[in-house]
Amino acid sequence: MPNRPRIDLFADNHPQPSPEMRQYICQAEVGDDTKDEDPTIHLLYSICTELLGKEAILYLPTGTMGNEIAFMVHCRPGDEIIMDKIAHAYHFESGAPAALTGASICGLDGKRGVYTAKQVQEAIRPFDRFSPRTRLVHVEQTSMNGGGNCWPLEQMQAVTSVAKENKLATHLDGARLLLATAATNIPASTYAASFDSVMISLDKGIGAPVGAILAGSHEFIEEARRWKQRLGGSMRSPGFMAAACVFALQNNMVRLPGLIEDAKLLAKLMEDVPGIRNFNENTETDINFFEITAPNVTAQGFRDRLLEKYGIKVGVMGPQRVRMVTNLDITKDIIYEAVAATRDVLNELANSSINLMTMTPVN
Ligand SMILES: *Cc1c(COP(=O)(O)O)cnc(C)c1O
């Protein structure tokens, strides 16, 4: 097993559960959720119905299962789903929309994962027997691949209005919806209001070890529950895991603005480091994408050396692009340390590549 990195900037999930969270998990009351008898699952549902303003909630092991179940409830094989061309559900869910729902995807060319109502209008297929049936409009708030940027509320509402006018269903991939709320102060329920279904991750940002939820009408969740059963997602006593989610929602939501502050600090400090530049126009939430510009240094080379020399882990998102994400384990001191380490590693790699090129062989 590879060692756990000393500092993990790879993602906003898997921070270490705090002693208080572990305590809370231990004391959770549990029951058989397959018979709807788990009190901690019900506690989670009551918190989330209020948080998202939806009638019903379903607890799931992962956000991927949430998105894919939503697609299966909303669509039939042969249908088409409109989403941004860089959406998570398109690129990181193992082709599940095609493999499970049998849906094709119409990938819109948005700006950093955010597209317009006009683009949706233009993408809707004519209703005839030759065309796939346009069925669902899918929005990702925040856009992961866009660099954690937020959809402006009005633009999101314009998109869902066009969907409704055309009798299309709407799904919100809100893996990081709570981070959008922390960044904009717009309640999660306001973002969720114009969607038929919403998924939020409980293991991102707020730091539960496992879990996501799907929210919607009673009718939608009844169907979603059937898919959860079919896919083998029904669990006996998931209250222990749900307890961590309850704890995370009750205690860690207030810490999300701190994650965003740290990410912005990281972006600011990196401006003065040679050989790296912010890929995004600005940092809106907890994600930063950086482009490595130092000569002869690749993202992978930088990532490997940073981990080897400093025990700091970052993500590789392209030949020259790295991702650094803040999480509950990150402090301001760690940010300063990561920036100093980046400066040193880029300097070292750039110099060694120059030395290699100018070195004259001895003998
Ligand atoms: C992480 C993520 C998901 C999927 O969540 P998992 O729990 O990892 O399956 C879906 N959408 C977005 C935008 C994500 O970042």
Side-chain angles (χ1 to χ4, degrees), residues 8-15 44 48 52 57-72 81 83-97 99-101 105 107-108 110 112-115 136-151 156 170-183 188 191-192 195 197-215 224 227-228 231-233 235 238 241-242 244-245 248-249 256 259-260 263 280 284-289 315 317 323-327:
D8 198 343
L9 290 166
F10 181 84
D12 47 5
N13 42 21
H14 54 75
L44 178 66
C48 291
L52 296 173
I57 305 288
L58 191 60
Y59 177 72
L60 296 168
T62 65
T64 299
M65 194 186 277
N67 281 340
E68 298 307 328
I69 286 180
F71 297 163
M72 288 187 284
I81 304 171
M83 63 178 72
D84 193 275
K85 68 178 194 307
I86 64 169
H88 189 282
Y90 202 175
H91 296 278
F92 297 104
E93 300 185 8
S94 199
L100 302 180
T101 303
I105 288 173
L108 300 182
R112 293 173 63 199
V114 179
Y115 53 82
L136 176 67
V137 174
H138 172 94
V139 167
E140 188 178 307
Q141 176 76 313
T142 65
S143 168
M144 191 285 283
N145 234 349
N149 51 311
C150 300
W151 279 73
M156 189 185 253
T170 51
H171 175 68
L172 177 60
D173 175 347
R176 293 189 181 77
L177 185 63
L178 300 180
L179 279 143
T181 290
Y191 285 124
F195 290 89
S197 56
V198 181
M199 181 281 281
I200 67 169
S201 294
L202 301 170
D203 62 356
K204 291 185 178 156
I206 59 173
V210 179
I213 56 144
L214 191 56
W227 275 112
K228 180 182 176 183
L231 295 174
M235 295 166 277
M241 294 183 299
C245 298
L249 286 164
L256 295 181
L259 263 62
I260 298 172
N280 291 329
E284 292 183 41
T285 57
D286 61 344
I287 300 176
N288 274 300
F289 285 167
M317 299 296 282
R323 186 179 88 158
M324 299 190 196
V325 190
T326 54
N327 62 60

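Computed from heavy atoms alone, side chains included, the values below leave out hydrogens, waters and symmetry copies. It should be emphasised that the depicted structure is a prediction, and the values quoted were computed from it without experimental measurement. Atoms within a ligand are numbered from 1 in the order they appear, just like the ligands themselves.
- With sequence neighbours left out, N145 forms a side chain to side chain donor-acceptor pair (under 3.5 Å) with no residue at all.
- By the ring-ring contact (aromatic ring centres under 6.0 Å, His included) test, Y115 pairs with W151, sequence neighbours left out.
- Separation of the H138 and F71 ring centroids falls under the 6.0 Å cut-off.
- Take H14 and apply the side chain to side chain donor-acceptor pair (under 3.5 Å) test, not counting sequence neighbours, and it matches D8.
- Protein residues having a heavy atom under 4.0 Å from any atom of ligand 1 are T62, G63, T64, N67, H88, E93, E140, M144, D173, A175, R176, M199, K204, listed by chain and number.
- Across all non-hydrogen atoms, the minimal contact from T181 to A188 is OG1-N, 3.3 Å.
- Atom CD1 of I206 sits about 11.0 Å away from atom CG of L259, to the nearest 0.5 Å.
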